[in-house]
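One structure below.
Just so we're clear, the structure is a prediction, and the values are computed from it rather than from any experiment.
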Amino acid sequence: MKVHPSNNNNGGSTKVLRSSIPMLPNLSVESINNLEKMDSELDEATAIAALQIDINDDNSSLSSSFSHMNQKKPIWSFRCSLLTMMSFLLLLPILFLLVVSITFSVLTTTEAKDQVLTQSFQRADVYVSDFLDLCITICRFQAEEIYTNYYMNVSGLFYNSDEMFFTQEHYKQMFRILSISQSKHKSSIFLVDFTAENGDYVYINTAPSPVIPLENEAIYDNMQLLMILNNTIPNVTTQNQYYLTNTGKIKELSRNQPYDFYDPRLYEYFGISKNFKESLAPMDVQTMGESIEERVYVCFQVSLHSPIDKKYLGVTSINVVVRQLANFMKSFHVSANGFAAVVEIVKPTNPGDKLRKRVVAYNNYTALAEPKSGNFGGYRIYEAEEISDNLLRHIVVNVLPNNLERFYGNNFTLDTFSHNNLRYSIAYGIVSSTKHLNMHWVVFITAPEIDFVSRMVMLISLNVGLSIISVLFSMVLVVIFSTSISKPLLHFSTESKAISKLEVAKKENFNSSIREILSLSEAFEKMKTALRSFKKFVPTELVKEMVEHGIDIKLGGKSHEKIAIFFSDIADFTQISEMLEPEFLIKHVGAYFHVVTEEIVRENGTLDKYIGDAVMGFWGAPVSLSGLEAFKACCCAIKCQIKMKKLRERWAKEQKPLLHCRIGVHIGPCVVGNLGSVWRLNYTIIGDSVNLASRLEGQNKYYGTEVLISEDTLKEPHVKENFYTRKIDVVGVKGKTKGCAIYELIGFKATTNAHCAVDQKVIDTIPVYEKALEHYLNGDFATALTIFDDAWRNNRNDTASFAMIERCKQFISDPPENWNGVYHSKHK
């Protein structure tokens with residue numbers, strides 16, 4: 001920002017006063033000091049005035065706007081405004097959440113209801129289809145076997161005409177086929193049969209008691225009755241009874257026994273078979289069975305035609321009781337009051353007639369049939385209008401469509417209806433296995449909607465009740481809170497005006513029982529502390545730390561027992577800088593600075609300073625790391641080298657100079673604090689430990705290493721356990737008389753990152769080198785030379801081994817006096 005010359009009455013007074021001091025010999029020293037103090041104050045006042053003028057110039061329009069606003073008188077008090085605003089802010093979310101909760105509950109319940117009905121329908125459809133598919137498969141097998149047994153064998157046609165088809169001998173052959181079908185599925189099938197075109201009826205029924213053979217021979221199934229009914233004489237029916245042995249022989253039990261007149265051609269199923277190749281016959285009732293479910297049966301049939309002249313020969317069928325379906329419907333669960341049922345729908349014979357509907361399976365069969373002693377089977381199945389269960393009758397008669405076209409539109413239909421002031425949901429559709437047949441079965445699933453929404457209604461009522469209580473309670477809190485807030489508002493308004501004038505004298509915190517107000521008061525004091533410290537502050541992160549703790553910055557320091565010091569610089573930087581343009585050099589080195597700085601910050605360190613191409617950082621102040629200082633510094637060093645390696649790979653592709661950095665790490669006591677003068681402070685560290693860390697960084701050049709650490713660093717927690725290290729030497733660095741063991745920090749021990757992994761060849765060299773170093777320290781230079789040579793041959797890139805080889809050769813030819821294992825380095 002540009003600072004304009006001052007135009008007030010004090011302009012130029014500073015220069016006049018300074019020039020006039022030597023011209024006043026009669027003034028005392030105290031007077032001169034007072035004048036210098038006035039001079040400093042005038043300088044500061046002049047600068048502030050100039051800044052204020054500049055701000056006013058740059059924001060004249062904004063000031064005008066504020067001036068216009070200040071002329072308006074407030075209508076509402078702050079407390080009233082706050083009360084209104086907070087009431088609105090409290091009520092709006094509560095109402096919004098209430099509406100969202102109710103809407104979401106309704107939508108979720110509707111979706112859940114539809115999913116339950118859909119999945120229930122699909123489950124019922126699969127079960128009923130499987131039930132029918134078994135009947136269809138068996139019946140098709142019967143028809144195919146009857147056809148093949150008569151007309152075909154391996155040599156072709158067996159008979160050249162249909163005349164033998166209707167003989168007793170051929171009927172006996174059918175028994176073998178029918179007997180196998182009925183015996184294998186006896187739990188479901190009670191009757192298998194064949195009805196001939198001439199009225200003969202061949203069937204196998206379940207016997208009421210075991211069949212006794214005529215001779216002492218094994219029977220294939222002693223619970224099967226093999227019957228043939230003949231109608232050779234008009235209105236007279238005779239019966240022949242047989243049984244099947246285990247060897248496949250048909251034995252006759254009786255012949256031409258009188259039987260009640262029975263002509264199957266007069267029944268509905270026979271007429272249907274002439275019109276359809278495969279068909280379902282309307283369900284009927286048989287005489288056997290203890291319950292209704294064991295007497296009501298359904299029939300699937302397949303018609304047979306002659307391959308010679310396509311003449312109709314007859315029909316074979318499977319007759320299955322509905323007990324299995326009934327048990328399924330009884331166990332089927334939709335909801336607390338929901339149920340499922342299967343309905344038989346027969347197309348009307350005459351156009352315009354209604355569909356015939358009868359319930360095939362339901363959880364209570366007493367509602368579907370009535371006892372009638374005069375009727376065959378002892379029961380009569382109700383038509384739809386006669387069903388005793390009101391809800392079931394309503395669904396079958398009124399809810400299920402009376403037009404087949406409405407069934408054909410979709411696989412299933414979801415709908416709703418009302419009955420006795422209750423709303424119901426229903427899913428219905430044609431059973432998959434019956435879609436291609438002459439008549440259809442329809443499965444429907446229904447349940448009252450209250451079963452699905454009862455819990456939702458309870459939750460909504462609970463939400464509404466809680467919302468009302470929350471609103472009342474919140475209003476009380478709003479009144480209390482607005483009252484407590486209005487009082488400190490004036491205080492903070494006054495403080496804000498004082499700060500805008502740079503009046504930042506320290507005051508007592510505003511006392512309040514509200515945590516936020518106390519926090520705001522503390523924030524004001526911290527802000528004033530920051531402003532007081534602004535002119536003499538140093539690193540930004542330190543400013544944040546001290547402002548957070550309310551610490552005023554002043555000259556001085558404090559001793560710390562453990563500070564981990566980090567030094568890094570660029571190898572051969574002087575030579576590199578001479579070859580590069582200054583602009584490029586700054587940008588190129590900036591990438592290196594970024595890597596090192598970023599890792600110091602990431603590892604919770606304090607960036608001290610940049611010294612040319614060197615970077616200095618430390619751990620342990622201003623925030624203690626509880627013993628992790630050395631570990632954090634070592635992590636930073638290794639990560640810096642890993643990132644620098646990646647950076648060099650990129651530079652190599654870009655054909656830029658490659659920078660290698662060398663790092664030294666040491667931990668020890670230091671003085672930490674604000675060093676400098678009253679005009680400029682630097683938060684830094686000083687002490688012998690700092691010098692040693694710097695010397696360790698320099699020793700990398702001699703040993704060809706990247707990171708060197710001191711023995712004190714190695715002994716710190718988690719360092720030795722987590723890093724590969726190698727004892728390099730015991731040296732007396734320049735400026736130090738006492739020997740110091742130095743170690744190479746190689747890399748992380750446990751890592752899954754390929755970029756961080758240490759080469760196995762390097763790891764294998766560690767014990768060999770350290771063994772050689774042990775002989776070297778003991779003065780056995782010849783042995784040490786041999787082992788150092790082995791280490792170097794194992795890893796030709798190990799400059800440290802090569803350096804020690806040269807030193808051993810030197811000491812062998814010119815042994816050192818009073819050798820104590822300490823090598824006094826002449827290098828920094």
Side-chain angles (χ1 to χ4, degrees), residues 120 123-136 138-139 181-193 203-208 223 225 268-269 280-301 317-334 338-346 356-384 386-393 395-396 400 431 433-434 439-446:
S120 299
R123 184 158 57 96
D125 176 63
V126 169
Y127 187 90
V128 176
S129 293
D130 289 345
F131 173 85
L132 283 176
D133 286 341
L134 177 62
C135 300
I136 293 171
I138 296 172
C139 195
S181 294
Q182 200 268 352
S183 179
K184 288 185 176 180
H185 306 89
K186 191 180 296 182
S187 61
S188 301
I189 301 173
F190 83 94
L191 176 72
V192 293
D193 61 22
Y203 70 96
I204 297 179
N205 201 352
T206 302
M223 295 304 294
L225 286 177
E268 186 177 6
Y269 81 89
L280 272 174
M283 62 179 177
D284 208 340
V285 182
Q286 60 144 335
T287 56
M288 299 177 63
E290 297 178 359
S291 63
I292 305 176
E293 296 94 324
E294 293 176 342
R295 293 196 176 192
V296 178
Y297 68 93
V298 295
C299 172
F300 179 81
Q301 56 192 21
S317 67
I318 294 289
N319 299 271
V320 183
V321 295
V322 297
R323 180 183 61 248
Q324 185 177 344
L325 285 179
N327 292 337
F328 176 74
M329 293 302 161
K330 289 177 183 178
S331 64
F332 194 88
H333 180 76
V334 183
F339 62 90
V342 181
V343 179
E344 175 190 82
I345 296 183
V346 181
R356 185 187 183 190
K357 302 176 185 175
R358 293 191 298 175
V359 179
V360 178
Y362 179 58
N363 57 23
N364 180 16
Y365 258 80
T366 58
L368 307 181
E370 65 176 354
K372 191 171 183 181
S373 58
N375 187 50
F376 183 80
Y379 287 91
R380 184 181 70 86
I381 301 173
Y382 286 142
E383 297 296 327
E386 299 173 321
I387 297 172
S388 60
D389 188 301
N390 291 332
L391 177 59
L392 180 62
R393 183 176 65 251
I395 294 173
V396 175
L400 296 182
V431 175
S433 295
T434 67
M439 56 182 286
H440 304 304
W441 283 8
V442 171
V443 169
F444 74 80
I445 313 293
T446 188

Indicate yes or no: at least one non-hydrogen side-chain atom of [X] is less than 4.5 angstrom from one of [Y].
| X | Y | result |
| --- | --- | --- |
| Val298 | Trp441 | yes |
| Val321 | Gln286 | yes |
| Phe339 | Leu391 | yes |
| Phe300 | Leu132 | no |

Going through the distances and angles, do Thr434 and Leu280 end up as a side chain to side chain contact (heavy atoms under 4.5 Å, CB included)? CA-CA 8 Å; Thr434 67; Leu280 272 174; 4.0 Å; yes
So, for [X] and [Y], which heavy atoms are closest and what is the spacing to 0.1 Å?
| X | Y | result |
| --- | --- | --- |
| Met283 | Val296 | SD-CG1, 4.0 Å |
| Val431 | Ser129 | CG1-OG, 3.3 Å |
| Met329 | Ala361 | CG-CB, 3.8 Å |

Would you kindly say whether Asp389 and Tyr362 are connected by a side-chain donor-acceptor distance under 3.5 Å? yes
Quick one: does any side-chain atom of [X] pair with a main-chain N or O of [Y] as donor and acceptor, under 3.5 Å?
| X | Y | value |
| --- | --- | --- |
| Arg393 | Ile387 | yes |
| Glu386 | Ala369 | no |
| His440 | Ile345 | no |

Quick one: [atom1] on [X] to [atom2] on [Y], what's the gap to the nearest 0.5 Å?
| X | Y | atom1 | atom2 | value |
| --- | --- | --- | --- | --- |
| Leu325 | Phe332 | CG | CZ | 12.5 Å |
| Ile189 | Leu134 | CD1 | CG | 6.0 Å |
| Leu400 | Phe444 | CG | CZ | 6.0 Å |
| Gln301 | Ile318 | CD | CD1 | 11.0 Å |
| Arg358 | Glu344 | CZ | CD | 5.0 Å |
| Arg295 | Asp284 | CZ | CG | 12.5 Å |

Are Phe131 and Tyr127 an aromatic pair, judged by ring center distance below 6.0 Å? no
